[in-house]
Each structure stands twice: as structure tokens, then as C-alpha cells.
There are 2 protein chains.
Amino acid sequence: MQGKAASAQTVASALEAAIHDHRLPPGTRLVEDELSEIYGVSRTQIRAALQALSHRRLVEHQRNRGTFVAQPSVREAREVFEARALLEPRTARSAALRMSDTNISALQAHIDAEHAALHAGQNGRAVSLSGQFHVEIARVADQSTIEAMISQLVVRSSLIIALYWQRRSALCESHAHGALMRAFVARDGALAEELMAQHLLDLVTSLDLRNQSSTPGSLREALI
Amino acid sequence: MQGKAASAQTVASALEAAIHDHRLPPGTRLVEDELSEIYGVSRTQIRAALQALSHRRLVEHQRNRGTFVAQPSVREAREVFEARALLEPRTARSAALRMSDTNISALQAHIDAEHAALHAGQNGRAVSLSGQFHVEIARVADQSTIEAMISQLVVRSSLIIALYWQRRSALCESHAHGALMRAFVARDGALAEELMAQHLLDLVTSLDLRNQSSTPGSLREALI
DNA sequence: GCGGACAAACTTGTATACAATGATGGCCAC
DNA sequence: GTGGCCATCATTGTATACAAGTTTGTCCGC
């Protein structure tokens with residue numbers, strides 16, 4: 001329908017968005033023929049898209065078995081947030097120092113959209129927007145390489161949240177992002193760095209990362 | 001010859017090694033039919049391999065034109081080393097604290113191999129081994145997610161070195177890695193972190209990153 | 001009824017044929 | 001001789017057909 005050209009890229013983006021939004025939960029099987037039918041492109045394109053997602057660790061490909069939405073292990077979850085803890089605080093600092101008024105409006109719009117989604121009961125969408133907020137910060141910092149890394153980590157974090165989120169801690173997010181916004185408005189790099197570091201720590205502690213042997217055990221766990 | 005199974009992965013690894021070793025200089029065109037002949041696999045596998053390398057930013061794919069070994073711009077070069085500066089020092093600290101005697105021997109063997117390659121005039125191979133040293137450190141730190149990121153950044157750094165290295169600064173590398181080893185032997189995390197940070201700074205300053213409009217200008221530059 | 005072997009269906013793996021695109025070189029008009 | 005146009009060639013893009021593997025279901029012997 002749209003340009004037939006970069007169809008693999010289009011499919012990959014659509015699938016990535018669906019994963020980020022929690023419309024495709026971890027473990028979902030992605031059958032090539034079905035996707036081919038759904039998106040109206042040949043299996044060649046679907047395979048290319050799945051390969052791209054596999055490189056980003058968003059899906060896991062099992063030879064001759066199929067492709068499944070990834071189920072990050074507890075260990076992988078910790079590692080993803082450790083990586084974010086190394087990358088994001090300093091990036092937030094750089095961003096604070098380069099922040100323009102236009103950037104601030106855009107970020108604020110993001111927060112507003114996140115709240116709207118949350119109040120509309122679209123939790124997955126809210127998580128997705130909340131993650132995108134972090135990517136936008138990297139974009140403001142004008143570091144496209146780091147931005148690409150953070151983008152990947154953020155989507156993986158979305159999978160981690162889908163798996164390990166404990167519901168009792170509700171919407172602490174909004175507070176953290178609001179506080180960050182104030183640091184950005186004040187162009188306070190040091191504060192932004194510290195707030196981001198704390199925000200990531202809070203995120204990890206809001207997860208339930210006791211060893212549950214995740215991937216191979218999800219079935220066994222579920223059935224006791 | 002070897003297992004026919006994961007041939008795309010095999011080809012990708014072979015090409016990545018060649019790029020890392022400077023046997024395939026930046027800008028080299030990679031023709032699918034040629035590679036298909038060389039490795040004795042079908043174009044399907046070659047394309048999958050090239051797609052993988054493209055995701056790692058080691059090659060650049062131009063639609064309908066072909067695939068070329070990447071030529072990182074000056075800007076990208078700076079970004080890569082900024083990312084490394086965020087990831088590697090703290091990783092070196094963790095590694096120092098987890099370092100076993102076995103790890104130390106393995107790292108020392110790496111340094112020795114690097115020296116051997118250097119003295120044998122295999123500069124590219126030396127650069128490659130020198131980069132691998134950094135990856136090994138991340139492995140000791142037991143952070144596979146960060147290790148994967150550093151691995152990618154290291155190979156991209158190899159391309160950057162191929163493009164922007166100024167020969168007058170010769171083998172400062174060995175010194176830096178030797179100093180790091182001493183910090184590891186002493187299990188001195190703080191020192192390792194500081195040495196790594198300095199090492200990366202030294203690396204950047206040993207490059208000639210004045211704006212040369214890299215990618216599109218290499219021809220014009222060469223012919224003045 | 002239970003377990004194991006076999007067969008069918010479904011899904012993925014791979015190669016290849018063909019289409020489409022872009023580069024190259026020659027030709028002709030001026 | 002120079003510039004633009006056209007034909008040819010080399011190379012990549014894409015779909016599809018077929019092979020190979022895995023899962024599922026059935027049947028039979030015990």
C-alpha cells in the first residue's frame with residue numbers, strides 16, 4: 001500500500017512498536033507466514049525484519065523452530081539496567097546543557113501524552129512513551145551513537161517491565177520525569193545527571209528480580 | 001567444508017575479523033556474487049551476513065548500489081569514543097574487582113600476542129588484538145550486554161583508526177595496556193577505572209579528527 | 001489404558017530464477 | 001572534439017519453489 005521499497009524496515013518498525021507497547025507479550029510466537037499475510041509482503045521481507053529485531057535482542061530466533069518475542073532473563077534484566085546506568089546519567093547532563101526551549105516543549109508534550117495514555121488505561125502505551133522520553137533526551141544530547149544504544153536498551157527494558165513489574169509500585173514514573181524536566185528547564189546538568197541515576201535505580205528496585213529462571217521455566221513456573 | 005548450518009554467521013564473523021584486522025579497508029566494495037564464490041555459499045547467506053554487519057555499522061548498504069566497508073565520519077568517530085568513555089572505565093573497575101589469576105594470564109597472553117604481531121609488522125592484526133583486549137575486560141566484568149556493546153564499538157574504532165590514525169604517535173598502546181594490567185594484578189578498581197579513562201582519551205587525541213568531510217570527500221581529498 | 005513408533009501437516013531453511021536498477025561505454029549530432 | 005543519448009552489462013532486489021526439520025496426532029502392541 002505504502003511504498004513497497006523498504007518494506008522490511010517498515011515491518012520491523014511496526015513489530016518493534018508492538019513489542020514496546022506490550023501488544024506483543026514476551027514469548028509470543030511470530031510465524032513468518034502469518035506476518036507475511038498481515039503485512040502483505042513476502043516472507044523474504046518478514047525474515048529480514050525478524051533478523052533485524054533479533055540483532056536488537058527483541059526477538060529470539062530458534063533454528064528450525066521459529067521466532068519468539070524475547071523473554072529477558074533476570075540476569076539480562078540486571079545487565080540492561082546496568083548499561084543504562086552507565087550511559088544515561090551523563091547523557092542527561094549533556095542534554096541539560098544543550099537543551100533549547102523547543103526541546104523542552106517537545107519533552108513536555110511527551111510527558112503529557114504519557115499521562116494521557118496512563119489515564120486512558122493504556123498501560124503498555126504509557127510504558128512505551130515513558131521509554132521514548134529517555135531516547136528523546138539522548139537525541140537532545142546530540143549523540144546519535146549513544147542514542148541508538150539507549151533506544152535498544154529502552155525497548156528491552158519494556159520487555160523486562162512486562163515480565164518483572166510488580167504492580168504495587170504504581171506511577172512513580174511521572175514524578176521522576178517531572179523532576180528531570182525541572183532540571184532541564186533550569187539547565188542544571190549536575191542535577192539532571194543525579195536525578196537520572198536515581199530514576200534508573202528506582203526503576204530496577206520496582207522490579208521483582210528474584211531468580212525465576214525466566215526463559216525455560218516460564219511454563220513450569222506458571223503451572224507449579 | 002565446515003558445518004553448512006549457520007553459514008551466514010560464519011561469513012559474518014570472517015568478514016568482521018577481516019575488517020577488524022584492516023585487511024578490508026574502509027570503503028571497500030563487497031560484491032555479493034564474489035563473496036558467494038569465495039565462501040562457497042549462496043547469495044542468500046551472504047546477504048544475511050551483510051545485513052548483520054550493517055546492523056553493527058561495520059558496513060554501509062546503499063540500495064541498488066551495493067555494500068561497502070563503513071567509513072565512519074569524524075562525527076561518528078567522536079561519538080564512538082564518547083560512548084566508550086561512558087562504558088569502559090567503570091567496566092574496567094568491575095573487572096579489576098572480579099579478576100581471577102586465570103583471567104590475568106589470558107589478558108597477558110593477549111598483550112603478548114599484540115606485541116608479537118606488532119614486531120612482525122602486522123599492524124592491522126595488532127590493532128585488532130589490542131581492541132580485543134578491551135572486549136576481554138568486559139567479559140571478565142561478567143557483563144555480556146555491555147560486552148556486546150563494547151565489542152561493536154571496538155570494531156568500529158578499528159575502522160576509525162584505519163581512517164584517522166596519524167602515524168607519528170606510534171606504540172603508546174602497549175604502555176597503556178601494561179599499566180592496566182598492573183592495576184588488574186593489584187585488584188585496584190579505582191586505578192583501573194582511571195587508567196582506562198585516560199587510555200581512551202589518549203586514543204582520541206592520537207587521531208586526526210579535523211573535519212575532512214570523510215565519506216563523500218575521500219576521493220576529492222585524495223586528488224586535491 | 002499406556003507407551004512408543006510411525007505418518008501427516010506445518011513451519012522454517014535455502015537456492016535460484018527473474019525483475020529492476022544503476023553504471024559503463026559507444027555513438028551520433030552539433 | 002564535446003555533450004548528451006541510448007544500449008549493454010553488471011549487480012542488487014524480490015518472490016517463489018522446494019528441501020529439511022519439527023511438531024502433532026494416530027495407530028498398534030502390550
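A quick note: this is a predicted structure, and the numbers were derived from the prediction, not measured. All values below were derived from every heavy atom in this structure, side-chain atoms included, with hydrogens, water molecules and symmetry-related copies excluded.
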Show me the side-chain donor-acceptor pairs of residues 48-55 of chain A shorter than 3.5 Å, one per line, residues at least two apart or across chains.
{"unit_1": "A:Q51", "atom_1": "NE2", "unit_2": "B:A48", "atom_2": "O", "d": "3.1"}
{"unit_1": "A:H55", "atom_1": "ND1", "unit_2": "A:Q51", "atom_2": "O", "d": "3.1"}
{"unit_1": "A:H55", "atom_1": "ND1", "unit_2": "B:H55", "atom_2": "ND1", "d": "2.7"}

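In summary, of the residues considered (B:I150, B:V80, B:L207), a side-chain contact (heavy atoms from CB on, under 4.5 Å) with B:S157 occurs for B:V80 alone.
Here the CG atom belonging to B:L24 is positioned 14.5 Å from the CZ atom belonging to B:R29, to the nearest 0.5 angstrom.
Between A:Q62 atom CD and D:dG21 atom P the separation is 17 Å, expressed in whole Å. A straight line from CG of A:L30 to P of C:dC10 spans 20 Å, rounded to a whole angstrom. Between the P atom of D:dT11 and the CZ atom of B:F68 lies a distance of 11 Å, rounded to the nearest Å. Counting to the nearest Å, the P atom of D:dG21 and the CG atom of A:N64 are 7 Å from each other. If you take NE2 of B:H61 and C1' of C:dT21, they are 12 Å apart, rounded to a whole angstrom. Taking atom CZ on A:R65 and atom C1' on C:dT12, their separation rounds to 12 Å, with Å as the unit. Per the geometry, CG belonging to B:D33 stands 12 Å off C1' belonging to C:dT16, to the nearest Å. When rounded to the nearest whole Å, the span between CD1 of B:I46 and C1' of C:dT14 equals 13 Å.
Remark: B:D33 engages no residue in a salt bridge (Lys or Arg N to Asp or Glu O under 4.0 Å) (not counting sequence neighbours). When the salt bridge (Lys or Arg N to Asp or Glu O under 4.0 Å) test is applied to A:E32, the partners found at least two apart in sequence or on another chain are A:R43, A:R47. The salt bridge (Lys or Arg N to Asp or Glu O under 4.0 Å) check on A:R125 picks up A:D21, with sequence neighbours excluded.
Look at B:R63 and you'll find a side-chain N or O under 4.0 angstrom from OP1 or OP2 of D:dT14.
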Give me the distances for all protein-to-nucleotides 5-7 of chain D N/O pairs that come in under 3.5 Å?
none

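A 6.0 Å sphere centred on CZ of B:R56 holds more than 12 heavy atoms belonging to other residues, nucleotides or ligands.
Near DNA chain C, meaning a heavy atom under 4.0 Å away, the residues from residues 36-44 of chain B are B:S42, B:T44.
By the 30° and 60° cut-offs, the orientation of the rings of A:H110 relative to A:F133 is perpendicular.
Taking only side-chain atoms of B:Q45, from C-beta outward, the nucleotide of C:dT14, C:dT11, D:dT14 with the closest atom is C:dT14.
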Review point. For A:S13 and A:Q9, what are the C-alpha separation, side-chain angles and deciding distance, and is it a side-chain hydrogen bond (donor to acceptor under 3.5 Å, both in side chains)?
Key: CA-CA 6 Å; A:S13 299; A:Q9 181 56 46; 3.3 Å; yes
